[in-house]
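Working notes, structure below.
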Amino acid sequence: MAATTATAAAAAEVRYGIVGVGMMGREHLHNLAHLAGEVGRAEPPVRVRVTCLADPHPESLRLGLQLAADLGLPAPQVYTRHGELLDSGLCDAVVVSSPNMTHYQILMDIISHPKPHHILVEKPLCTTVQDCQKVVEAAKQRSDILVQVGLEYRYMPPVAKLIDTVKSGTLGQVRMVAIREHRFPFLVKVNNWNRFNCNSGGTLVEKCCHFFDLMRLFAAANPVRVMASGAIDVNHKDEVYDGKVPDIIDNAYVIVEFDNGSRGMLDLCMFAEGSRNEQEISVVGDIGKGEAFVPESIVRVGKRTGGRDGVVTIMAEDERIKYQGLHHGSSYLEHLNFLSAIRLQGASGPSVDITDGLLSVAIGVAGQLSIEKGRFVTIEEVLAG
């Protein structure tokens, strides 16, 4: 539980700093601008302000300032180092949306800073299991701050509806979870950092921690072992950066076994732009089956006893969403949940905590290692380092 130190003074106002103002940092700026307009009319009202931006890349800072102006926000203070942002005293909460390989040091600096700052960190928590574990241990010593991990796919309306359906018991005991993501290649990022495993943690960590987190939710269990097969078959093969060719895989199958006997399977393809849906999720229990489709925002639910004719189709919507953004409104709902946790002043923890972040990375690391070694990899093995 978080204590009230960081939140008591900010009960009526929460001041945000954003560390990393690239594509995702600016997405957070968009969401916070829309959130500010909405919660300012809430009862009781709360003022949300973005007071600081930090990024060592001048163009990212320029674009961040331009976006703030375009959104009609007061000009935030800008810094080239996150330490300057922390020392400014201008923030109650920090959004960490910098490149993956920078998360560990930034998180440790925030957690160890004398002034408490609540943290919303983009996925993955860190690029290695060992760094995640160090962050978890450090955060345990700071009961005065909240740390929430940006696994926002939980909040996509069709996914959230399917989660609720599973939790209601409609499908019975979940036995199988299948997630297909067929999508476009990785986008271009600053200095092309996301083209290399050493920076991103690998595709199964960088991209797929979202889906491993969902598998844990649907299975209501923890992972035991992972088997994966994957390769770089189409994308980035003709790219060269500083004499190096990218090593991030662009397709994979991953099987995850859980401690309650259920199984999850991921089908990833990043050269499948010709897909009607980017994500298709199937959860099968012993009495029924549920499916979610994104971006169609459709959920289908049926029971074995009803057969094909008994399948019900539902359009999933969430009227709380005021900004769709890059992730179908899920980032807006993520911020709504984070703000709620801050305002509750420690009465409840974040909706996605650092243990969730750790285990989503651990499954991804196990998958990457399985591809390399050609064998099952246990979660115990990767947690032990």
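Cluster membership for Leu73 and Val19, using ILVMFWY side-chain heavy atoms within less than 4.5 angstrom, is shared. Cluster annotation: Val46 and Tyr332 are assigned to the same hydrophobic cluster (Ile/Leu/Val/Met/Phe/Trp/Tyr, side-chain heavy-atom contacts under 4.5 Å, transitive). Grouping the Ile, Leu, Val, Met, Phe, Trp and Tyr side chains by contacts below 4.5 angstrom, directly or via other members, places Met265 apart from Val205. Leu65 and Leu63 fall into different hydrophobic clusters, where Ile, Leu, Val, Met, Phe, Trp and Tyr side chains are chained together by heavy-atom contacts under 4.5 Å. Both Ile111 and Val95 are part of a single hydrophobic cluster, where members link through side-chain heavy atoms under 4.5 Å apart.
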Would you sort out whether Cys198 and Met101 count as a side chain to side chain contact (heavy atoms under 4.5 Å, CB included), showing the intermediate values? CA-CA 8 Å; Cys198 61; Met101 67 285 189; over 6 Å; no
Does the pair His210 and Glu181 meet the rule for a side chain to side chain contact (heavy atoms under 4.5 Å, CB included), with working shown? CA-CA 11 Å; His210 279 302; Glu181 180 172 65; over 6 Å; no
List the steps, then state whether side chain to side chain contact (heavy atoms under 4.5 Å, CB included) holds for Leu266 with Met215. CA-CA 9 Å; Leu266 173 67; Met215 286 181 189; 3.9 Å; yes
In sequence, state the C-alpha distance, the side-chain angles, and the governing distance for Ser98 and Ile106, and then conclude on side chain to side chain contact (heavy atoms under 4.5 Å, CB included). CA-CA 9 Å; Ser98 56; Ile106 291 170; 3.3 Å; yes
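For Asn100 and Glu206, the side-chain atoms include at least one donor-acceptor pair closer than 3.5 Å. Side-chain atoms of Ser330 and His327 form no donor-acceptor pair, as typed in the model, at a separation below 3.5 Å.
When atom types are taken as modelled, the side chain of His34 and the backbone of His30 share a donor-acceptor pair closer than 3.5 angstrom. A side-chain donor-acceptor contact under 3.5 Å links Asp250 to the backbone of Asp233. Between the side chain of Asp267 and the backbone N or O of Ala178 there is no donor-acceptor pair closer than 3.5 Å. For Asn235 (side chain) and Pro185 (main-chain N/O), no donor-acceptor pair under 3.5 Å exists by modelled atom type. Checking side-chain atoms of Asp213 against main-chain N and O of Cys209 turns up no donor-acceptor pair under 3.5 Å. A donor-acceptor pair is defined here as one N or O able to donate and one able to accept, closer than 3.5 Å; no such pair exists between the side chain of Ser97 and the backbone of Glu122. Judged by distance alone, the side chain of Gln368 and the main-chain N or O of Leu204 form a donor-acceptor pair under 3.5 Å. Side-chain atoms of His103 come within 3.5 Å of backbone atoms of Pro124 as a donor-acceptor pair (strictly under, hydrogens ignored). Side-chain atoms of Asp318 do not come within 3.5 Å of backbone N or O of Pro157 as any donor-acceptor pair. Using modelled atom types, no side-chain atom of Arg180 and backbone atom of Glu280 make a donor-acceptor pair closer than 3.5 Å.
Within the 4.5 Å cutoff, the side chain of Lys115 has no heavy atoms near those of the Leu86 side chain. For the pair Asn222/Arg216, a side-chain contact is recorded, criterion being any heavy-atom separation below 4.5 Å from C-beta on. Residues His117 and Ile145 have side chains not in contact (no heavy-atom distance under 4.5 Å, counting atoms from C-beta outward). Between Pro76 and Cys52 the shortest side-chain heavy-atom distance does not fall below 4.5 Å. Looking at heavy atoms from C-beta onward, Glu334 lies in side-chain contact with Leu120 at the 4.5 angstrom threshold. Residues Val129 and Leu358 meet the side-chain proximity criterion, which asks for heavy atoms closer than 4.5 Å. Inter-residue side-chain proximity for Asp356 and Val149 is flagged as unmet; no heavy-atom pair is nearer than 4.5 Å. Side-chain contact between Ile379 and Val226 is present, with heavy atoms from C-beta onward closer than 4.5 Å.
Atom NZ of Lys322 sits in a crowded spot, with more than 12 heavy atoms from other residues, nucleotides or ligands closer than 6.0 Å. Applying the 6.0 Å contact sphere to CD of Glu380 captures no more than 12 heavy atoms from other residues, nucleotides or ligands. Remark: Tyr253 OH is loosely packed, at most 12 non-hydrogen atoms of other residues, nucleotides or ligands lying under 6.0 Å away. Within a 6.0 Å sphere centred on CE of Met108, other residues, nucleotides and ligands contribute more than 12 heavy atoms. A 6.0 Å sphere centred on NZ of Lys189 holds more than 12 heavy atoms belonging to other residues, nucleotides or ligands. Atom CZ of Arg263 has 12 or fewer heavy atoms from other residues, nucleotides or ligands within 6.0 Å.
Checking each of Val301, Ile287, Asp164 against Thr170 for a side-chain contact (heavy atoms from CB on, under 4.5 Å) leaves exactly one that passes, namely Val301. Among the candidates Leu29, Leu339, Thr51, the single residue satisfying the side-chain contact (heavy atoms from CB on, under 4.5 Å) test with Tyr16 is Leu339.
A distance of 15.0 Å separates CG in Leu333 from CZ in Phe338, rounded to the nearest 0.5 Å. If you take CD1 on Ile232 and CZ on Phe271, they are separated by 10.5 Å, rounding to the nearest 0.5 Å. The line from CG of Leu53 to CD1 of Ile18 is 5.5 Å long, rounded to the nearest 0.5 Å. Put simply, OG1 on Thr313 and CD on Glu296 are 10.0 Å apart, with the number rounded to the nearest 0.5 Å. Annotation: the span from Leu326 atom CG to Leu187 atom CG amounts to 9.0 Å, rounded to 0.5 Å. To the nearest 0.5 Å, the span separating OG on Ser360 from CG on Leu151 amounts to 4.5 Å.
Taking the ring-ring contact (aromatic ring centres under 6.0 Å, His included) definition, one finds that Phe211 meets it with Tyr153, sequence neighbours left out. Remark: Arg375 engages Glu381 in a salt bridge (charged side-chain N to carboxylate O under 4.0 Å, His left out) (not counting sequence neighbours).
We find that Arg300 and Glu291 are not joined by a salt bridge, their nearest charged nitrogen and carboxylate oxygen being 4.0 Å or further apart. Salt-bridge formation is detected for the pair Lys140/Glu137: a Lys NZ or Arg NE/NH1/NH2 atom is positioned less than 4.0 Å from an Asp or Glu carboxylate oxygen.
Of all the heavy atoms in Leu90 and Gln77, the pair that sits closest is CD1-CG, 3.7 Å. Minimum interatomic distance between Leu146 and Pro350 (heavy atoms only, all atoms of both residues): CD2-CD, 3.7 Å. Among all heavy-atom pairs drawn from Ser60 and Asp55, the shortest one is CB-OD2, 3.6 Å. The two residues Val135 and Ile354 come nearest to each other via the heavy atoms O-CD1, 4.4 Å. Of all heavy-atom pairs spanning Val174 and Phe218, the tightest one is CG2-O, 3.5 Å. Ile249 approaches Gly230 most closely through the heavy-atom pair CG2-C, 4.4 Å.
Using the six-membered ring where Trp is involved, His28 and His335 have ring planes that are perpendicular, over 60° apart on the 30 and 60° scheme.
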